[in-house]
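Here is the structure we will look at.
Only this structure's heavy atoms are used, side chains among them; waters, hydrogens and symmetry mates stay out. What you are looking at is a predicted structure, and each value in this text was computed from that prediction instead of being measured. Sequential numbering from 1 along the given sequence is applied to the chain's residues.
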Amino acid sequence: MLRKVVLSRLCPLLGRPAVSAASGSRREVASGVPPSGSTSPRALNIFDRELKRKQKNWAARQPEPMKFDYLKEEVGSRIADRVYDIARDFPLALDIGCGRGYIAQHLNKETVGKIFQTDIAEHALKNSVETDIPTVNILADEEFLPFQENTFDLVVSSLSLHWVNDLPRALEQIHYVLKPDGVFVGAMFGGDTLYELRCSLQLAETEREGGFSPHISPFTAVNDLGHLLGRAGFNTLTVDTDEIQVNYPGMFELMEDLKGMGESNCSWNRKALLHRDTMLAAAAVYREMYRNEDGSIPATFQIYHMIGWKYHDSQARPAERGSATVSFGELAKLNDVMSHGKK
């Protein structure tokens, strides 16, 4: 299932819409487990997690970090909508990779009684948006959650899991801390994210320098996501795709906003810098290939949304194989049966 939404990033001269925080909230702050710089032995070491922590901390320390929150707030609101679609209350919830609290600000205390927010960036937690839900902020790594088994009724995560080195382990940790019949609702960037920027940089670097290096981090394929969730122990899975297109004045404004979001590349094999001529050429290629009618350039963010449940005996289960009492071949006779009944 695919849904596409177009947003516009305002020109810096015009400013961006202000973001107000809810007042009257109560927050508890807890000292937590420090982020681990290591990965599990089985994981591929693709991302520099310490660099990612520094990037997110730098973004959170900016004078007006809310200027760059538009994308994460949009995805956070969509996750909250999916939580509201579930007809139940959640006394205890966990937000993994919460950033500045992009999901909690869209939830209410009638649905979520209390929420734990975890992130690897301490300054993101310190500057998190106020909410009316009682909140505990904990410094923790997505791959090494400091919680006991069967703790939470709900686990959410927004635009964080694409930076972990061991995604299977992170999903297993989420399944571990969920209570039976608990639900995980998450979102992460998909493989077509920023394809315009990726293509422009590759073409410009090949033309100017005779080859190219990866400047956009690798993403999980949607075909693998359902398999990984099932392998982690989740059932009754739902995976769907959104596309959010944001229009920017130019490529450099896009890269400025990615840095302000804390979403700069942190792959170990990234190139340290790009030559000025290559950057100017990439901006020209971007505008030539993808320019909108109004002169702006689009940037596509593909979002994978996922929902998975932890098993419980009360959950609906498919009937056993061979237990059907009517064959598909008899369905062709249905019209005759209904017509005979009307007579």
Side-chain angles (χ1 to χ4, degrees), residues 1-17 47 55 59 67-78 102 158-159 162-163 187-223 225 240-267 269-305:
M1 186 168 72
L2 177 64
R3 179 176 56 179
K4 187 171 183 178
V5 176
V6 179
L7 304 177
S8 291
R9 188 269 208 191
L10 300 178
C11 175
L13 296 177
L14 300 178
R16 299 182 182 87
F47 302 115
Q55 290 174 349
K67 293 195 301 184
F68 307 101
D69 286 347
Y70 52 90
L71 181 63
K72 294 189 175 182
E73 287 187 355
E74 173 68 21
V75 177
S77 69
R78 298 185 185 191
Y102 303 109
S158 177
L159 303 185
H162 58 282
W163 289 121
M188 60 189 296
F189 284 127
D192 287 340
T193 295
L194 297 176
Y195 73 86
E196 303 98 338
L197 179 61
R198 181 188 293 110
C199 292
S200 300
L201 288 171
Q202 288 179 355
L203 289 172
E205 195 171 11
T206 299
E207 190 272 331
R208 294 301 174 98
E209 303 181 27
F212 64 87
S213 301
H215 298 286
I216 309 296
S217 66
F219 297 108
T220 304
V222 69
N223 298 343
L225 194 53
D240 63 277
T241 303
D242 274 353
E243 278 190 4
I244 300 177
Q245 181 179 299
V246 185
N247 296 324
Y248 293 88
M251 188 189 80
F252 296 107
E253 287 81 5
L254 165 60
M255 298 180 73
E256 174 195 352
D257 278 21
L258 290 175
K259 184 178 180 181
M261 296 176 196
E263 292 295 329
S264 299
N265 190 6
C266 69
S267 302
N269 65 347
R270 70 191 181 279
K271 191 173 182 179
L273 55 89
L274 275 171
H275 295 98
R276 180 174 180 271
D277 289 346
T278 303
M279 292 291 290
L280 293 174
V285 170
Y286 202 137
R287 187 168 296 279
E288 180 66 25
M289 293 180 62
Y290 302 108
R291 178 176 52 196
N292 295 318
E293 293 182 358
D294 62 359
S296 63
I297 61 167
T300 300
F301 297 89
Q302 186 180 43
I303 314 296
Y304 295 156
H305 288 277

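- In this structure, the side chain of Glu263 does not engage the main chain of Leu258 through any donor-acceptor pair within 3.5 Å.
- Glu196 and Thr300 form a side-chain donor-acceptor contact under 3.5 Å, judged by distance and modelled atom types alone.
- When atom types are taken as modelled, the side chain of Lys72 and the backbone of Met261 share a donor-acceptor pair closer than 3.5 angstrom.
- Within the 4.5 Å cutoff, the side chain of His305 has heavy atoms near those of the Arg78 side chain.
- A donor-acceptor contact shorter than 3.5 Å is absent between the side chain of Asn292 and the backbone of Asp294.
- Counting only heavy atoms from C-beta outward, the side chains of Val75 and Ile244 approach each other to under 4.5 Å.
- In terms of modelled atom types and a separation under 3.5 Å, the side chain of Ser158 and the main chain of Ala187 share no donor-acceptor contact.
- Within the 4.5 Å cutoff, the side chain of Leu254 has heavy atoms near those of the Leu194 side chain.
- Side-chain atoms of Tyr290 never come within 3.5 Å of backbone atoms of Leu197 as a donor-acceptor pair (strictly under, hydrogens ignored).
- Residues passing the ring-ring contact (aromatic ring centres under 6.0 Å, His included) test with Phe301 are Phe189, sequence neighbours excluded.
- The shortest distance between side-chain heavy atoms of Glu207 and Val285 does not fall below 4.5 Å.
- At least one donor-acceptor pair closer than 3.5 Å links the side chain of Ser77 to the backbone N or O of Glu74.
- Judged by distance alone, with hydrogens and angles left aside, the side-chain atoms of Glu253 form a donor-acceptor pair with the main-chain N or O of Gly250 at under 3.5 Å.
- When side chains are defined from C-beta on, Phe252 counts as touching Met279, because their heavy atoms get closer than 4.5 Å.
- Listed here is the closest heavy atom pair of Ala299 and Tyr248: CB-CE1, 3.7 Å.
- Pairing each heavy atom of Asp69 with each of Tyr102, the nearest pair is OD1-OH, 3.0 Å.
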